[in-house]
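The next block holds one structure in the form of C-alpha cells; read it before the comments.
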Amino acid sequence: MRTQHTPHTPSAIRRTLNIGILAHVDAGKTSLTERLLYDTGAIGRLGSVDDGTTRTDTGTVERQRGITVRSAVVSFTVGATQVNVIDTPGHADFVAEVERALAVLDGAVLVLSAVEGVQAHTRVLMRTLREMRLPTLLFVNKTDRAGARCESLLADVRRKLTPYPVPMTAVHGIGTRAARTVPCSLDDPDFRTRVAETLAETDDALLARVVDGPYPSPDELRSALADRTAQGLAHPVYFGSALSGQGIAALIDGITGLLPPAAAPRTAAPQAPRGTVFAVERSPSGPKSAFVRLYSGELAARQRVTLHRREPDGTPYTYTGRITALEVVGAADGTGHRLTPGNIAKVRGVAGIRVGDSLGTPDGDAHRSHFPAPTLRTVVRPRDPDPGAAARLHTALQRLAEQDPLIHAAAEPDGTTSVLLHGEMQKEIIAAALADEYGIDAVFEPSRVVCRERPVGTGEAVEELGHRAPAPSGFWATVGLRVDPAPHGTGAVFRYETELGALPRAFHCAVEESVYAALRHGPYGWAVTDCTVTLTRSGFVGPVSTAADFRGLTPLVLARALERAGTRVHEPYHAFEADVPADALPAVTACLTALGADITETAPDSAAAWLVRGAIPARSRHTVERRLPGLTHGEGGWWTRPCGDRPMKTPETAPQAAPDH
C-alpha cells in the first residue's frame, strides 16, 4: 500500500529538515529509506536491499553485502517541507560514519526490529542521541514478522532506551502477515491520558494541570509533545513495516510535524559561509565530490572557500579552493546552484577537501565528536611482491581516508601502510574496496590496541649554538622546548614564547612540523597527546643555518623535554553492560575481574537476571564476548561502547596485540 503524500514543487517549499536514519544492523533502515522515498513520490519503484537496487547503497561493496558502509543523502518533499534523509551504517564498526551524520542533523529516526527488539548497537546510538538532545522518533519495523512484539518491546524501550516513549500508533494482528497499524488520536480520551501522564513527568506545570486541572486540551498536548520531542526529552514511537508500507503515513506525519526544521540564521545581515563536510564520494577515475551542510552564509559555483581541519597528529591545517560545481540536494534541475543555510549540497572542484573539514572558522561548533577515536591499528601490505604495488596500495588507502579520516593511513618505514580501525569488520570492507575499486589484493596483519602517552609533569630542554660553532649535536641551530600537560581531549598544541619573526618563516615551519612529527612516538613508542609544546629559545647563523638543521635538532630536544616531564601510557577502555542469568552471576563477575574490568554496579534486572555495569580494557573486550555464551548457557547479553582511556598499570613499550584477532 502506498501512502498518499503528494509532493509539492520546489517553489512551494518553505522549510528544510535534515534527518538521519539510524539502527542496529539489519533492523531495516535502508528499506525504510526506500519506502519513505516511494510513498512520497520521490521514486517510482521500490528498491531492494537483497537485489542491490536501493538508492542509498550505491557502492559495489554495499550492494554485494547488503549493508550500508557510507552515509548517503536523498530527499523527498511533503507539503511545504523538504526532508533530506541521511542513511547511515548500522554496524558498530562504522560509528565514525554515524558520528559525521549526527553532526549535521536536525532530527533522527531510530529503527528497531519488532522481532529482535532493543539490540546492543541500538543502545549505543540512543545514548548518543540523548546526550546530544537530538530530536528523535522511534520506528518499530517488521511488525508483520513472526515473533514481533508490542507491549513487551515498549517495556524494553522504556527500560533500556528512554524513560519517556510515547506510542503514536497501535498494531492489530502483530506478528502476522495481516498486521495493520492504526494511528492514535489525541481526541481519544484514553490516549490523551497516556500522553498527558508521560509528558507530565518532564514538566511540572503540565503535571499540575494533570493533577489539579484544568486538564490540557488535545491541541495543548499536541504542542507539548512537539516541544518535548524538539528538546530530546520525549520520544514518539511508531509501529509499522517498511516492506508492506504499514505505519509509514503516520511516521511521515511525525517527521514533518514533530521534528524541528533547520534553524534559520539569527541575523539577516550577510554572513561568511560556515558549514561542515560530512561525506565524500570518489571513484578511482572520476572526480571527487563532497557533501556540505551549511549553517550560515551562502555558497555558489566559482566561489573561493576556506576550510580548516586538524590532522591526526594534532597539526592545524587551513587551505583554500574554488568550487567548480554545486548541486543542492533535492533541488529541481537548473535551480540548485546556490546553497543557503540549513541545506545540503554536493560540491566539486576543491581538490584537498576531506570528511570532517570545517568551512569558515577553524574548530567551529558545527562538527563535534561524540564517539572516541579508533582503538585498533593494523598494517596493510599488498599480496603482490612488485615494489610498485606498495605505492599503489598507499595511494588507494589515502583516497579511502578522504572518506574516513579516522582510519589515518600512514606510511611505515618498511614500505607498508598502517590504518586505524573501530572493529574487525572494517578490515573486510577496506579489503573489498581495495579489490573492487583499485584492483589491489591486500593482506592485513592482526589488529593491535592503540595506546596513548600523556605528560605527567613539565619538562624543558635546550641546545644552543656555540660561538661561531654548531650546537653540540652538530646542527647549526638553537632550539629550546618546554612540554606541559594539557586537559584531556585537547590533543597536541604547539605555541611560541619566542618573538615571531626572530627566525625566518621556513625555520619556524621546520620546528613546528618536526614537533608534531616527533610526538607520534613518545618515550614508550606511543603517540603523545594532550600536551602543549612551547618554543622557548631559538637562534640561527646566517647564511650557514638551514631548515634541515632545525628539522634535525627539534626531535632531539623534544625527546629530552619529554623524558624530563615523564609520560604515562593510557590504554583504551570500553564501558560495558552485561545481562546475566542469576545462576551465572558469580562466574561472569569472576571472569570480568580477572580480565581487568572495573565493575561499578551489579543490580537485579528482572526476577531471574542481573545487570552488571563497568569498564574493561579494550584488549579484553573480545575475550569476554567469546567466553560469555559458555558462562551463561547462551542466555547472556553483552553491550560495550568506547569510553576513553585510563592509565596502564604496567606501561607497554610495544603494541599490545588485540586478543582473538
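Computed from a prediction, not measured in an experiment: that's the story for all the values here.
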Checklist entry - Counting distance only, does the side-chain N/O of T458 pair as donor-acceptor with the main-chain N or O of D484 below 3.5 Å? => result no
- Task: Test V118 against R123 for side chain to side chain contact (heavy atoms under 4.5 Å, CB included), laying out the working first.
- Result: CA-CA 7 Å; V118 178; R123 300 173 77 170; 3.6 Å; yes
(request) Answer yes or no: is there a side-chain heavy-atom contact under 4.5 Å between L251 and L32? (result) yes
So CG of L137 and CG of L110: to nearest 0.5 Å the spacing works out to 10.0 Å
Checklist entry - Does the T169 side chain pair with the main chain of Y238, one donor and one acceptor, at a distance under 3.5 Å? => result no
The reported gap from CE in M648 to OH in Y573 (rounded to nearest 0.5 angstrom) is 8.5 Å
Between M168 and P236 the two heavy atoms that sit nearest each other are CG-CB, 3.7 Å
**Study point:** Other residues, nucleotides, ligands: >12 heavy atoms within 6.0 Å of E563 CD
**Key:** no
T33 (side chain) donor-acceptor with K29 (main chain) under 3.5 angstrom: yes
- Using modelled atom types only, decide if a donor and an acceptor are shared between the side chain of D441 and the backbone of R383 within a distance under 3.5 Å. no
In terms of heavy-atom contacts, L199 and T202 come closest through O-OG1, 2.7 Å
Backbone N/O of S241 and side chain of Q246: donor-acceptor pair under 3.5 Å: no
Check whether any side-chain heavy atom of V528 sits under 4.5 Å from a side-chain heavy atom of V483, and report yes or no.
-> no
Residues at least two apart in sequence or cross-chain that pass side-chain hydrogen bond (donor to acceptor under 3.5 Å, both in side chains) with T593, listed by chain then number, are none
Output for pair (F444 CZ, I430 CD1), nearest 0.5 Å, gives 5.5 Å
Dump the intermediate steps for side chain to side chain contact (heavy atoms under 4.5 Å, CB included) on L397 and L434, then the final yes or no.
-> CA-CA 8 Å; L397 287 170; L434 290 171; 4.1 Å; yes
One should read off an interatomic distance between L259 CG and L105 CG, to the nearest 0.5 angstrom, of 10.5 Å
In short, T143 meets I174 closest at the heavy-atom pair O-CG1, 3.6 Å
Residues C451 and V569: closest non-hydrogen pair is CB-CG1, 3.9 Å
Practice item. Carefully, step by step, assess R621 and V449 under the rule side chain to side chain contact (heavy atoms under 4.5 Å, CB included). Key: CA-CA 11 Å; R621 176 172 60 105; V449 171; over 6 Å; no
(request) Indicate yes or no: at least one non-hydrogen side-chain atom of D598 is less than 4.5 angstrom from one of R646. (result) yes
**OP:** For residues D156 and R149, determine if any side-chain heavy atom of one lies less than 4.5 Å from a side-chain heavy atom of the other.
**Re:** yes
Taken to the nearest 0.5 Å, the spacing of S447 OG from L376 CG works out to 5.0 Å
Nearest heavy-atom approach of E571 to D645 is O-CB, 3.0 Å
Shortest non-hydrogen pair, A396 vs I440, comes out as CB-CD1, 4.0 Å
Side-chain donor/acceptor pairs under 3.5 Å, residues 627-638, sequence neighbours excluded:
residue : atom : partner : partner atom : Å
T632    : OG1  : L628    : O            : 2.8
T632    : OG1  : G636    : N            : 2.9

Do any N or O atoms from the side chain of T276 and from the backbone of F278 form a donor-acceptor pair under 3.5 angstrom? no
- Message: Using a 3.5 Å distance criterion without hydrogens, assess whether the side chain of D530 forms a donor-acceptor pair with backbone atoms of G489.
- Response: yes
The single option from R377, R381, K427 that satisfies side chain to side chain contact (heavy atoms under 4.5 Å, CB included) with E445 is R381
Any side-chain heavy-atom pair from M126 and L138 closer than 4.5 angstrom? yes
With the side chain counted from C-beta on, respond yes when F576 and V612 share a heavy-atom pair under 4.5 Å apart, and no when they do not. yes
Worksheet item: Does any non-hydrogen side-chain atom of R568 lie less than 4.5 Å from one of R454?
Response: no
Are E437 and R399 within salt-bridge range, i.e. N to O under 4.0 Å?
no
When rounded to the nearest 0.5 Å, the distance separating OG1 of T128 from CG of L134 is 10.5 Å
Which of R127, Q119, H574 passes side chain to side chain contact (heavy atoms under 4.5 Å, CB included) with W639? It is R127
Between R133 (side chain only) and Q231 (backbone N and O only), is there a donor and an acceptor less than 3.5 Å apart? yes
Take L519 and C531 through the test side chain to side chain contact (heavy atoms under 4.5 Å, CB included) and record every step on the way to the result.
-> CA-CA 10 Å; L519 287 173; C531 64; 4.2 Å; yes
>> Using side-chain heavy atoms (C-beta onward) and a distance below 4.5 Å, is L611 in contact with K160?
In response: no
